[in-house]
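Below: the structure, in structure tokens.
Just so you know, these numbers come straight off a predicted model, no measurement behind them. For the numbers below, each heavy atom of this structure counts, side chains included, while hydrogens, waters and symmetry mates do not.
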Amino acid sequence: MNTLEKLIAKLCPNGVEYKPLGKICVRHHGTNITAGRMAKLSCYNGDVRVFAAGSTIADVPGDAIPTDDIIKEVGIIVKSRGYVGFEYYEKPFTHKNELWSYTSGSRDIDLKFVYYYLLTKTLALQALARSKSVKLPQLATGDTDALEIPLPPLPVQKEIVRMLDEMAGLIDALEEELVARKKQYEYYRETLVGCDNNVPNEPIVSISECIQKIENVKWNGNDKTYHYIELSSIDNDTHRVGETVTIDAGTAPSRAQQIVQKDDVLFGTTRPLLRRYCIIPEVLDGQICSTGFCVLRANIDKVLPSWLYYVISTNAFIRQVGRLQRGGGYPAIANSDLCSCKILLPSLAEQKQIVKALNYLDTLCNSMTEGLPGEIALRKQQYEYYRDKLLAFKKAG
């Protein structure tokens, strides 16, 4: 029997009392402040945090907020409009007055225990908010005041908080590791692959010198079906192809023209600074992509497909693209201009060595099966599972 089980068996073997949140905590109204004023005050990097809807915050000077509106106790902020959720904060704070917050009303309550319990109710509260208004889901103070909170003895509350803090801390550490690895990945990618077209004593060529021609689909008399890769199919974070559309000669949009092969590199030429690029996996060999992409098919006697992929992902390459794009409201770059961009082209043997290192870092940063994102997702699932289990108390009765 672990420490928590022993505490429960000793202190509350027959269940615990539940009380409404509004009865056990003190609710606060916040302050009257606009988003514009928050933005202006945030440049001072003050000692009072102001919370607004969603993830918006501003650290402002204390003398910019009415004294009575500053909450100096540990608090739980209720995000009640649009996004519905909770924030736990331990330093002086306030919030826009369409939000509200709670502080502890008793020494027998660990407010972080209450916070963890409220997290288990987030999905139900989000559904309640949507049932009131689809356009702008919103809660009322009565919705949270009425929530019944279990009240085990304080030692039980503190042990649960300790356990959940430990699990949350592991997730935080993994997320910090992921940020560090992404910075490392970007540094090595820019250093080893990037080219600003002004690097002395390096082999530099235009993209057009190391790619092959591609072919367009012939729709007339074509009875095949294809997966269609459009601009929205590319995940801008992972740079992998997500959802595709099944098309045939009768349903194909006018831009469904280009036949792609395994290892082709696609770069979105409309609004190119959005960085919609990917490398085609084997499962999409022979499928169709939009003419909104420039298809770069590597001449493997000169360049590795993965080298091309890493080159177009660099900030140095995007800077070249930015200089060549045309149009104000809907900027684009012509395929010919994109292919005129200069890239580093070391020997194939050197390309292989560098690609191997970048592949490792890419997997570490982006893979949901072998990398840190997958480990973080798994830990979050475990945390939520145990949190819900730990906080499911039998009512005393």
Side-chain angles (χ1 to χ4, degrees), residues 134 207-208 210-300 303-313 317-318 321-322 324-341 343 359 362-363 366-371 373-374 377:
V134 176
I207 287 180
S208 60
C210 54
I211 60 173
Q212 305 177 63
K213 290 184 178 181
I214 65 163
E215 59 180 326
N216 285 354
V217 65
K218 294 179 174 61
W219 286 115
N220 189 25
N222 189 334
D223 60 357
K224 293 182 180 179
T225 59
Y226 297 88
H227 291 286
Y228 175 49
I229 306 163
E230 48 194 347
L231 290 170
S232 61
S233 299
I234 306 303
D235 186 312
N236 281 28
D237 292 324
T238 63
H239 300 288
R240 288 168 171 77
V241 181
E243 187 174 349
T244 59
V245 178
T246 302
I247 60 171
D248 56 28
T251 60
S254 60
R255 301 187 79 177
Q257 296 292 334
Q258 304 182 107
I259 301 174
V260 297
Q261 295 179 3
K262 176 182 179 293
D263 291 335
D264 281 350
V265 176
L266 307 189
F267 188 93
T269 54
T270 57
R271 295 186 175 174
L273 301 189
L274 292 179
R275 299 180 183 235
R276 287 180 287 210
Y277 58 82
C278 70
I279 189 166
I280 295 297
E282 187 171 4
V283 293
L284 292 174
D285 183 59
Q287 304 308 306
I288 306 293
C289 81
S290 166
T291 53
F293 291 108
C294 181
V295 180
L296 306 176
R297 182 167 297 161
N299 179 345
I300 59 174
V303 65
L304 297 176
S306 294
W307 182 266
L308 268 182
Y309 170 79
Y310 285 123
V311 163
I312 67 165
S313 72
F317 183 81
I318 296 299
V321 170
L324 294 170
Q325 69 176 359
R326 298 289 181 268
Y330 198 71
I333 183 171
N335 284 6
S336 58
D337 286 337
L338 185 80
C339 292
S340 73
C341 289
I343 65 171
N359 281 347
D362 181 67
T363 297
N366 295 307
S367 174
M368 291 300 294
T369 55
E370 303 170 63

Contacts of type side chain to side chain contact (heavy atoms under 4.5 Å, CB included), residue Thr246, not counting sequence neighbours: Thr225, His227
Any donor-acceptor pair under 3.5 Å from Trp307 side chain to Ala298 backbone: no
Ala249 versus Asn222, closest heavy-atom pair with distance: CB-O, 3.5 Å
Side-chain donor/acceptor of Thr363 to backbone N/O of Asn359, under 3.5 Å: yes
CD1 (Ile300) with more than 12 external heavy atoms under 6.0 Å: no
Side-chain (Ser233) to main-chain (Glu243) donor-acceptor, under 3.5 angstrom: yes
Atom pair CG/OG1 of Leu231 and Thr291 - distance to nearest 0.5 Å: 8.5 Å
Considering all heavy atoms, the nearest Ala256-Ile288 contact: C-CG2, 3.6 Å
Sequence-distant partners of Asp263, side chain to side chain contact (heavy atoms under 4.5 Å, CB included), two or more places apart: Ile279, Pro305
Minimum side-chain heavy-atom gap Ile214-Ile259 below 4.5 Å: no
Donor-acceptor contact below 3.5 Å, side chain Gln258 vs main chain Phe293: yes
Which atom of Gln261 lies closest to which atom of Asp264, heavy atoms considered: N-OD2, 2.7 Å
Non-hydrogen atoms of Tyr228 and Ser290 that approach each other most closely: OH-CB, 3.2 Å
Partners meeting side chain to side chain contact (heavy atoms under 4.5 Å, CB included) with Ile211 (sequence neighbours left out): Ile207, Leu296, Leu308, Cys339
Atom pairs and distances, side-chain donor-acceptor, residues 324-335, under 3.5 Å, sequence neighbours left out:
{"from": "Arg326", "atom 1": "NH1", "to": "Arg323", "atom 2": "O", "distance (Å)": "3.4"}
{"from": "Arg326", "atom 1": "NH1", "to": "Leu324", "atom 2": "O", "distance (Å)": "2.9"}

Gap between atom CG of Asn366 and atom CG of Asp237 - 0.5 Å precision: 8.5 Å
Heavy-atom side-chain contact between Cys278 and Arg240 under 4.5 Å: no
All side chain to side chain contact (heavy atoms under 4.5 Å, CB included) counterparts of Ser232, not counting sequence neighbours: Glu230
Side-chain donor or acceptor of Arg276 paired with backbone N/O of Thr270 under 3.5 Å: yes
Non-hydrogen side-chain atoms of Ile247 and Pro253 separated by less than 4.5 Å: yes
Ring pair (Phe, Tyr, Trp, His ring centres under 6.0 Å) contacts in which one or both residues fall within residues 252-290, not counting sequence neighbours: His239-Tyr277, Phe267-Phe317, Tyr277-Tyr309
Ile343 and Cys210, any side-chain heavy atoms less than 4.5 Å apart: yes
Ser340-Asp337 side chain donor-acceptor pair, cut-off 3.5 Å: no
